[in-house]
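Each remark here refers to the structure printed beneath this line.
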Amino acid sequence: MTQPEADSPKALTPPKERSVYINCPFDEEFKQVFDAILLATLACGFIPRSALETETTSISRMERIANAMFASKYSIHDLSRCRGEEEENFARFNMPLELGISVALTYGDKRRSHDWFLLVTEGHAYRRFISDLAGFDPKEYGGTAVSVVPRVMNWLITRPDATMYHTNPRQVVNLLPPLKKRLTALDNDWQGETPWPNRLEVANTLVHRELLAR
Amino acid sequence: MSKKAKFDIYISHASADAVIARELAEALKQHDISTFDVSDLLPGSDWESQLNEGLEASQAVAIIVGTDPYSDSYASNEWGQIVEASWDTPERRIIPLIRTEAEIPPFLKAFQYVNIDESDLEKTALQLVEVLRSEHRFERNVGPGGFRQRVLANERLIQQAVKPRDKVSE
């Protein structure tokens, strides 16, 4: 067994009140929306958390999800992909399952140490499928990276752990093309296995350079 | 007050602050100030679209902040709508109305606020009228200090976790 090097990377452990768990599909079809949520989260001064951040470790996926979500005061859930797929016409259940964990976290603690936000695409028939959530209005968006940015920002900016904001969603939307270019290069470099902190580094560098410089 | 706006002021509040919102609206009415309050909508209304219509039709937005503002998820979601509307219509004033012992939420700290005198709502109404009739914009000129510090702190945390390409590939 080799000893870890003194300068080896540490686990990403931001304070809970600055952590936002992202529960969204991250396949090719959804990648740009996912990255837009990541950028919008950083642009509001929060750090996105995901099961992806410990993807290379040997612990189970459920444990990775729980570790990241329990370490986050906030979570964002996108149920856009909960629709019938492929020959069996089944929906993916991962997203509602993770939303359920967040809802349980909210009700399990009277100090309200968890707060969640639900996204669906316009016209989504979620109410018929999750009628237990009646009264918790999700935010609809157009299913694109550009349309998801203001929705995420408006929610995060108004949370008690936000900082005073100075960023307009248009400024963040303008960063989407350079973000895509840099992440594509990074993914090529890592052959599609880009570590989560490296992904965050690229996005946060853009936030720093473009939003703080103004 | 405004030739275009249907309402002079949109009043946003948590359910716990409904009584003071109603009394304030009554006091404002005495000064010919018309108000919109989403809680006056009938049950079954499309809350979000009515809210947006109310915002669009209002010259200014007053947000009543109580001692536990995040306890009412409807109210804190309404804040998101108000912020969203403000991106497109920055000229619509946002005026925080702070109840006794309440803390100002971070997103409202850039705006000049009015303290609610709960023993004399007429006084609060007069202050609001003054703000509405003033040509001077009351937003405070604040720098990005808090946001800058947060971004830099996040940067330090992320840097500690970044994996060098050569080490991982070994």
Side-chain angles (χ1 to χ4, degrees), chain A residues 5 7-15 18 42-47 53 56 106 112 115 117 135-137 139-140 150-151 153-170 186 189-191 193-205 207-208 211-212 214, chain B residues 12 46-49 51 63 65 68-88 90 103-111 140-170:
Chain A
E5 293 175 43
D7 63 344
S8 59
K10 296 172 186 168
L12 187 67
T13 52
R18 265 162 46 197
L42 286 164
C44 292
F46 291 88
I47 294 192
E53 63 190 57
T56 53
T106 311
R112 292 196 301 269
D115 193 0
F117 180 60
F136 293 91
D137 289 330
K139 291 295 170 196
E140 293 189 346
R151 290 301 188 167
M153 288 184 68
N154 295 335
W155 184 67
L156 284 177
I157 280 167
T158 51
R159 296 307 95 196
D161 298 293
T163 60
M164 212 187 312
Y165 71 97
H166 293 272
T167 310
N168 188 302
R170 283 194 203 99
L186 193 68
D189 194 29
W190 286 89
Q191 297 175 5
E193 302 294 328
T194 306
W196 181 253
N198 296 53
R199 203 164 195 82
L200 294 189
E201 185 193 29
V202 166
N204 202 56
T205 299
V207 168
H208 185 165
L211 301 183
L212 283 188
R214 287 162 201 274
Chain B
S12 162
D46 181 346
W47 183 81
E48 190 169 332
S49 63
L51 189 157
I63 300 178
V65 180
D68 193 9
Y70 290 94
S71 61
D72 186 331
S73 60
Y74 278 100
S76 62
N77 283 338
E78 188 180 17
W79 293 349
Q81 297 291 109
I82 292 167
V83 167
E84 185 158 355
S86 76
W87 304 126
D88 293 327
E103 282 186 28
I104 307 176
F107 82 102
L108 289 176
K109 284 185 176 171
F111 301 99
R140 289 185 286 177
N141 184 20
V142 287
F147 180 61
R148 175 184 294 278
Q149 285 170 5
R150 182 72 72 85
V151 171
L152 295 177
N154 287 349
E155 193 166 81
R156 282 193 292 276
L157 275 167
I158 293 167
Q159 286 290 348
Q160 288 173 357
V162 166
K163 295 176 175 62
R165 177 74 180 92
D166 53 344
K167 278 186 187 165
V168 177
S169 61
E170 281 169 3

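Given the structure is predicted, the values throughout are model-derived calculations rather than measurements. Residue numbers begin at 1 in each chain, while the letters A, B, ... track the order of the sequences.
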With a cut-off of under 6.0 Å to the ring centre and 45° to the axis, is A/Arg159 in cation-pi contact with B/Phe107?
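No, a cation-pi geometry is absent between A/Arg159 and B/Phe107.
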My understanding is that only residues two or more places apart in sequence, or in another chain, count here; which of them pass side-chain hydrogen bond (donor to acceptor under 3.5 Å, both in side chains) with B/Ser12?
B/Glu78
Side chains of [X] and [Y]: closer than 4.5 Å at any heavy-atom pair?
X: B/Phe147; Y: A/Leu212; answer: yes
X: A/Leu156; Y: A/Phe117; answer: no
X: B/Val151; Y: A/Asn204; answer: yes

Among [options], which has the most heavy-atom pairs under 4.5 Å with chain B?
options: A/Cys44, A/Pro197, A/Pro15, A/Pro160; result: A/Pro160
options: A/Met153, A/Arg18, A/His208; result: A/Arg18
options: A/Gly45, A/Ala11, A/Ala162, A/Pro150; result: A/Gly45

Go through the atoms of B/Leu152 and report whether side chain, backbone, both or neither lie under 4.5 Å from a heavy atom of chain A.
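Interface part for B/Leu152: side chain.
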At a heavy-atom separation under 4.5 Å, does B/Glu103 approach chain A through its side chain, its backbone, both, or neither?
neither
Where does A/Arg199 contact chain B at under 4.5 Å (heavy atoms): side chain, backbone, both or neither?
neither
Heavy-atom proximity to chain B below 4.5 Å, by part of A/Asp189
both
I'd like to know if A/Arg151 pairs up with B/Glu84 as an ion pair, taking the criterion as any Lys NZ or Arg NE/NH1/NH2 lying under 4.0 Å from an Asp or Glu carboxylate oxygen.
yes
